[in-house]
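In what follows, a single structure is set out as structure tokens and then discussed.
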Amino acid sequence: MHSISSRKGIILAGGEGQRLKPLTSAISKQLMPVYDKPMIYYPLTTLMLSGIKDILIITTPKQQNIFKSLLGDGRKWGLKFSYAIQEKPEGIVQAILIGEKFISNNPVAIALGDNLFHGNDFVSILQSANATEKGSTIFAYPVKDPERYGVVEFDKNHKAITIEEKPKNPISQFAVTGLYFYDNSVVKRAKEITYSDRGELEITSLNQMYLKDNLLKVAVLGRGMAWLDTGTFNSLQEASSYIRTLEERQGLKVGCPEEVAWRKGWISDNHLRELAASLTKSGYGEYLLEILERKQRGDKSIS
């Protein structure tokens with residue numbers, strides 16, 4: 001039996017970012033800003049909120065050192081980071097093959113480096129997915145352009161019955177998002193997948209395997225939840241505007257690893273204060289000091 005904390009995490013931050021060129025000619029898409037943070041902070045905090053502390057970051061060869069200089073070994077946030085290289089993007093399933101030794105005998109969660117999630121009940125949905133030991137949990141979200149995504153169809157009891165990759169005539173509005181929780185059988189399954197017509201090891205093929213074995217759970221993210229895929233100029237701008245509006249209105253940050261680590265008790269008050277000291281000029285550090293002070297005053301709005 002696995003404890004919840006034994007699940008490992010993988011962030012897929014490879015790829016060429018073709019749809020964001022020339023921005024991505026010199027820098028990885030996942031290092032681009034989404035308002036006041038690098039894009040990778042958002043999937044990172046998604047995994048952290050699930051309770052995952054041991055994370056593999058998969059990058060292109062030329063970008064790996066930049067990710068290392070930004071994130072380090074994870075210790076500053078009470079985490080453990082490893083790094084691996086994806087020579088060329090050949091599908092999300094490739095991340096599982098690259099991470100085989102890292103995954104070892106553990107269950108795993110895979111987060112795409114350009115997907116951003118937010119919502120009131122999201123943490124409890126994540127923790128429930130992490131606590132599920134057998135099978136797989138994926139997350140579906142209603143969109144107006146489902147033909148751009150993997151699409152899941154449900155029966156009247158909200159049980160998934162089909163998943164199709166980028167269908168010309170989508171059978172539902174529910175897109176499969178870039179976050180996947182799998183049990184340890186995922187490595188064996190990934191090795192059975194063959195390249196699609198697009199030259200990729202498709203994540204939809206893997207999800208179809210779990211579905212066929214009656215081991216696929218689909219968590220539907222409904223109204224009041226946000227899922228943003230920041231792969232185009234417009235969506236990158238929209239995500240930044242969304243985060244800015246929320247943060248300005250609430251006075252609380254979204255996707256802040258220092259804060260998540262502190263709230264989870266992975267780092268101490270003093271350690272948070274030290275992290276804040278190197279960030280004060282940007283206002284980001286001031287926020288970290290402010291949440292510390294609010295906690296000391298017994299302010300319930302930050303809990």
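No hydrogens, no waters, no symmetry mates; every other heavy atom, side chains included, goes into these values.
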Quick check against the 3.5 Å criterion: does [X] have a side-chain atom that pairs as donor or acceptor with the backbone of [Y]?
X: T45; Y: M48; answer: no
X: S28; Y: Q30; answer: yes
X: Q208; Y: I163; answer: yes
X: S240; Y: Q237; answer: no
X: S104; Y: K101; answer: no
X: E247; Y: V254; answer: yes
X: D213; Y: Y210; answer: no

Do NZ/NE/NH1/NH2 and the carboxylate oxygens of [X] and [Y] come within less than 4.0 Å?
X: K191; Y: E100; result: yes
X: K295; Y: E293; result: no
X: K134; Y: D183; result: no

Are any of the side-chain heavy atoms of [X] and [Y] separated by less than 4.5 Å?
X: Q64; Y: I85; answer: yes
X: E192; Y: M209; answer: yes
X: D229; Y: L116; answer: no
X: L236; Y: M32; answer: yes
X: K29; Y: L23; answer: no
X: N106; Y: R7; answer: no
X: M39; Y: D114; answer: yes
X: I58; Y: Y83; answer: no

Result for ring-ring contact (aromatic ring centres under 6.0 Å, His included) between W227 and one of F139, F122, F174, Y149 points to Y149

Nearest-0.5 Å distance that lies between atom [atom1] in [X] and atom [atom2] in [Y]:
X: I92; Y: Q94; atom1: CD1; atom2: CD; answer: 11.0 Å
X: R75; Y: H271; atom1: CZ; atom2: NE2; answer: 10.5 Å
X: L56; Y: I11; atom1: CG; atom2: CD1; answer: 9.0 Å
X: D36; Y: I243; atom1: CG; atom2: CD1; answer: 8.0 Å
X: Y141; Y: T177; atom1: OH; atom2: OG1; answer: 10.5 Å
X: K217; Y: T132; atom1: NZ; atom2: OG1; answer: 4.0 Å

Taking atom [atom1] of [X] as the centre, does the number of heavy atoms from other residues, nucleotides or ligands within less than 6.0 Å exceed 12?
X: D155; atom1: CG; value: yes
X: N120; atom1: CG; value: no
X: I171; atom1: CD1; value: no
X: K21; atom1: NZ; value: yes
X: N157; atom1: CG; value: yes

Pair E259, Y287 - check side chain to side chain donor-acceptor pair (under 3.5 Å), show working.
CA-CA 9 Å; E259 180 179 7; Y287 169 75; 2.7 Å; yes

E133 and S6: CA distance, side-chain angles, deciding distance, side-chain contact (heavy atoms from CB on, under 4.5 Å) verdict
CA-CA 11 Å; E133 295 187 2; S6 73; over 6 Å; no

Can you give me the closest heavy-atom contact between [X] and [Y], atom names plus distance?
X: L216; Y: S136; value: CD1-OG, 3.3 Å
X: G78; Y: I267; value: N-CG2, 3.8 Å
X: R19; Y: F233; value: O-CE1, 3.7 Å
X: S50; Y: T46; value: OG-O, 2.9 Å
X: A13; Y: F67; value: CB-CZ, 3.8 Å
X: I96; Y: A190; value: CG2-CB, 3.8 Å

State yes or no: do [X] and [Y] share one hydrophobic cluster built from I, L, V, M, F, W and Y residues joined by side-chain heavy-atom distances below 4.5 Å, directly or via other members?
X: F181; Y: L211; value: no
X: L97; Y: I55; value: no
X: L12; Y: F117; value: no
X: L49; Y: W262; value: yes
X: L20; Y: Y35; value: yes

Any donor-acceptor N or O pair under 3.5 Å, side chains [X], [Y]:
X: E200; Y: Y195; value: no
X: H118; Y: Y42; value: no
X: S196; Y: E202; value: yes
X: N214; Y: K159; value: yes
X: E165; Y: T204; value: yes
X: T162; Y: E153; value: yes

So if I apply the side-chain contact (heavy atoms from CB on, under 4.5 Å) rule between L179 and each of N115, L126, L112, T137, which one comes out positive?
L126

Once the angle between the rings of Y180 and Y182 is folded into 0 to 90°, is it parallel (under 30°), tilted (30 to 60°) or perpendicular (over 60°)?
parallel

Evaluation steps, side-chain contact (heavy atoms from CB on, under 4.5 Å), between I10 and V108:
CA-CA 7 Å; I10 295 177; V108 67; 4.0 Å; yes

Before giving the answer on side-chain contact (heavy atoms from CB on, under 4.5 Å), spell out for L44 and L79 the whole-Å C-alpha distance, their side-chain angles and the decisive distance to 0.1 Å.
CA-CA 11 Å; L44 171 59; L79 305 172; 4.2 Å; yes

Output, in order, the C-alpha distance, side-chain angles, deciding distance and verdict of side-chain contact (heavy atoms from CB on, under 4.5 Å) for R273 and L288.
CA-CA 7 Å; R273 198 171 279 110; L288 299 178; over 6 Å; no

